[in-house]
Amino acid sequence: MGNFLSGKVVAVTGAGRGIGRAVALAAAAEGAKVVVNDYGVSIEGGEPSSEVAEAVVKEIVAAGGTATAVADDVSTMAGGQRIVDTALAEYGRIDGVVCVAGILRERMLFNMSEEEWDPVVATHLKGTFTVFRAAAAVMRKQKSGTLIGFTSGNHQGSVAQANYASAKGGIISLVRSAALGLHKYGVTANAVAPVARTRMSANVPMELTEIGEPEDVAALVVYLLGDGARADGVTGQVYTVAGPKIAVWAQPRELRSVRADDFPSEPDGGRPGPDGGRWWTPERVAEVIAGPGGIGVDPMPMLAQLEEMARAAGAGERPNE
Ligand SMILES: NC(=O)c1ccc[n+]([C@@H]2O[C@H](COP(=O)([O-])OP(=O)(O)OC[C@H]3O[C@@H](n4cnc5c(N)ncnc54)[C@H](O)[C@@H]3O)[C@@H](O)[C@H]2O)c1
């Protein structure tokens, strides 16, 4: 056993399987006492069972570590609170929470039902909020702590998972809000966008993507949970780990801008401004977006990928040829 997290208490949601399980095992192996949360559901979120969380606790204990199971649903406020309360009751503190729990209900947007939208957003986005909320109240007082959310490369958009992609985008904004709001209390917040072989990624064509194992993701999470990451000033970040590759995502920022009073063209015949009552007309907006010297568009990388895939499929090529 290492001691990267020695003396720390960490709660991991969705820790019964896949990436969450690897994170729980790795955190325990590095000396953390671990609350193992898992609702034990199918990939679509049905048929709950407490067995998967308990099985991981047994694994940790058998390896000489310390852990306790909570089989609650993270999409409820009571579930999120119970995870944090269990850490406090069993081990007296909470130093890190890692929100990994997730489900999938895939459907094209034009066919997606409320029953496909709500539980996916509730599990991922609200399920991160419920645990962050409960943990942040304690961490604020103790003036230290680490919050980790799980997002996905799909926060950029997804053909058949608008529910999942929306939740994953929301998690990034939640993480950045937590990083800003808790900075003065010494609490950090980061997001991880993993690519790893699990039941959830089983339908992703492997030849299309660089993929690794849950243990690769766990190593990144253990680093983020450690004092080193806080000393290194790591907060408000999104990291991808995909096997041998680790990447940091850019912060969203304005790419180009133009000011009405600087733009040379005056298609509506007068210099616009507050004196004239308005800065913009639709014609002038068209000019500054699409006209010469305008701000233009920032092309979507995933749209380009999609077009390339459609072209390759049309030409009968195999992926990566
Ligand atoms: N595997 C990948 O390549 C990949 C890619 C991008 C993002 N992710 C994200 O990483 C996370 C882990 O994914 P995984 O591949 O390990 O999936 P997984 O299906 O193997 O594990 C998810 C776990 O979450 C649990 N869970 C579901 N709903 C819950 C709830 N309401 N309360 C508590 N637990 C609940 C499930 O029982 C399951 O054990 C997810 O958030 C997923 O969206 C994974």
Side-chain angles (χ1 to χ4, degrees), residues 11-26 35-57 69-83 86 97-106 118-131 148-156 158 161 163-172 174-175 191-206 208-218 220-221 238-243 245 247 249:
V12 185
T13 75
R17 294 192 189 86
I19 295 168
R21 173 179 164 274
V23 168
L25 292 172
V35 175
V36 174
N37 161 257
D38 204 294
Y39 196 33
V41 286
S42 68
I43 197 157
E44 294 85 16
E47 304 144 51
S49 145
S50 58
E51 278 164 29
V52 284
E54 281 156 14
V56 172
V57 167
V70 176
D72 278 46
D73 175 359
V74 291
S75 70
T76 65
M77 294 304 282
Q81 190 65 51
R82 193 139 41 230
I83 291 164
T86 300
V97 294
V98 189
C99 298
V100 192
I103 60 169
L104 286 181
R105 293 189 185 183
E106 196 165 301
D118 282 351
V120 169
V121 175
T123 305
H124 291 272
L125 181 54
K126 187 176 173 192
T128 303
F129 163 70
T130 65
V131 179
I148 300 177
F150 264 66
T151 182
S152 158
N154 274 7
H155 77 266
Q156 299 172 91
S158 164
Q161 298 177 339
N163 46 1
Y164 179 83
S166 304
K168 291 309 198 186
I171 286 171
I172 294 179
L174 171 58
V175 159
V192 174
V195 191
R197 273 184 206 91
T198 66
R199 67 174 189 174
M200 196 183 275
S201 61
N203 293 331
V204 177
M206 295 303 167
L208 290 182
T209 184
E210 196 167 23
I211 192 156
E213 301 303 325
E215 289 71 23
D216 302 318
V217 183
L220 169 70
V221 173
V238 181
Y239 292 105
T240 276
V241 57
K245 183 184 91 172
W249 289 79

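In this chain, numbering begins with 1 at the start of the sequence shown. All ligand and atom numbering here is 1-based and tracks the order in the structure.
The shortest N or O to N or O distance between Arg17 and ligand 1 is below 3.5 Å. Polar contact check, Thr123 against ligand 1: no nitrogen or oxygen pair lies under 3.5 Å apart. Polar contact check, Val74 against ligand 1: a nitrogen or oxygen pair lies under 3.5 Å apart. For Ile43, no nitrogen or oxygen atom sits less than 3.5 Å from a nitrogen or oxygen atom of ligand 1, counting backbone and side chain alike. Some N or O of Arg199 is nearer than 3.5 Å to an N or O of ligand 1, by distance alone. For Phe150, no nitrogen or oxygen atom sits less than 3.5 Å from a nitrogen or oxygen atom of ligand 1, counting backbone and side chain alike.
Distance from atom 7 (C) of ligand 1 to its nearest protein heavy atom, with residue and atom name: Tyr164 OH, 3.2 Å. When only non-hydrogen protein atoms are considered, atom 35 (C) of ligand 1 lies nearest to Ala101 CB, 3.5 Å. The nearest heavy-atom contact from the protein to atom 27 (C) of ligand 1 is Val41 CG2, 3.2 Å. Looking only at heavy atoms of the protein, atom 16 (O) of ligand 1 is closest to Ile19 N, 2.8 Å. Ranking the protein heavy atoms by distance from atom 22 (C) of ligand 1 puts Gly102 O, 3.8 Å first. In this structure, atom 15 (O) of ligand 1 lies nearest to the protein heavy atom Thr198 OG1, 2.4 Å.
Contact annotation: Ala196 has at least one heavy atom less than 4.0 Å from an atom of ligand 1. Under a 4.0 angstrom heavy-atom cut-off, Leu104 registers as lying outside contact with ligand 1.
Which of Val23, Val52, Asp38 comes nearest to atom 36 (C) of ligand 1 through a heavy atom is settled by distance: it is Asp38.
At a 4.0 Å heavy-atom cut-off, ligand 1 does not touch Arg21 at all. With a 4.0 Å cut-off on non-hydrogen atoms, Asn37 touches ligand 1 through its side chain and not its backbone. With a heavy-atom cut-off of 4.0 Å, Pro194 touches ligand 1 through backbone and side chain alike. Contacts of His124 with ligand 1, taken as heavy-atom pairs under 4.0 Å, involve the side chain alone. Contacts between Asp73 and ligand 1 below 4.0 angstrom, taking non-hydrogen atoms only, involve backbone and side chain alike. Heavy atoms of Ile211 found under 4.0 angstrom from ligand 1: none, in either backbone or side chain. For Val100, heavy-atom contacts with ligand 1 shorter than 4.0 Å involve the backbone as well as the side chain.
Side-chain contact between Asp73 and Pro48 is absent, with no heavy-atom pair separated by less than 4.5 Å. Looking at heavy atoms from C-beta onward, Arg82 lies in side-chain contact with Thr86 at the 4.5 angstrom threshold. Within the 4.5 Å cutoff, the side chain of Ile19 has heavy atoms near those of the Thr198 side chain. Considering only heavy atoms from C-beta on, Val120 comes within 4.5 Å of Ile103 through its side chain. The closest side-chain heavy-atom distance from Gln161 to Leu104 is below 4.5 Å. With contacts defined as side-chain heavy-atom distances shorter than 4.5 Å, the pair Ser158/Tyr164 does not qualify. In this structure, Ile211 and Ser201 have side chains that are in contact, with non-hydrogen atoms separated by less than 4.5 Å. For the pair Phe150/Val221, a side-chain contact is recorded, criterion being any heavy-atom separation below 4.5 Å from C-beta on.
Near Asp72, the atoms of ligand 1 lying under 4.0 angstrom from a non-hydrogen atom of the residue are 32 (N), 33 (C). Shown in contact with Ile103 at under 4.0 Å from a heavy atom are these atoms of ligand 1, numbered in order with element: 27 (C), 28 (N). Short contacts between ligand 1 and Gly18, defined as distances under 4.0 Å to a heavy atom of the residue, involve ligand atoms 16 (O), 20 (O). Of all atoms in ligand 1, listed by their number and element, those nearer than 4.0 Å to a heavy atom of Thr151 are 7 (C). Heavy-atom proximity to Gly40, at under 4.0 Å, picks out these atoms of ligand 1: 37 (O). Residue Ser152 has at least one heavy-atom neighbour below 4.0 Å for each of these atoms of ligand 1: 6 (C), 7 (C). Near Gly14, the atoms of ligand 1 lying under 4.0 angstrom from a non-hydrogen atom of the residue are 23 (C), 24 (O), 25 (C). For ligand 1 and Val195, the ligand atoms under 4.0 Å from any heavy atom of the residue are 3 (O).
Under the 3.5 Å distance criterion, the side-chain polar atoms of Thr240 are left unmatched by any main-chain donor or acceptor of Ala247. Checking side-chain atoms of Thr151 against main-chain N and O of Ala193 turns up no donor-acceptor pair under 3.5 Å. Within the 3.5 Å criterion, the main-chain N or O of Asn37 finds no donor-acceptor partner in the side chain of Asp72. With hydrogens and angles disregarded, no donor-acceptor distance shorter than 3.5 Å links the side chain of Ser49 to the backbone of Gly40. A donor-acceptor contact shorter than 3.5 Å links the side chain of His155 to the backbone of Ser152.
A salt bridge between Glu44 and Arg105 is absent, with no side-chain N of the basic residue lying under 4.0 Å from a carboxylate O of the acidic one.
A distance of 11.0 Å separates CD in Glu215 from CZ in Arg197, rounded to the nearest 0.5 Å.
Considering Arg17, Glu106, Met200 in turn, Met200 is the only one that fulfils the side-chain contact (heavy atoms from CB on, under 4.5 Å) rule with Ile43.
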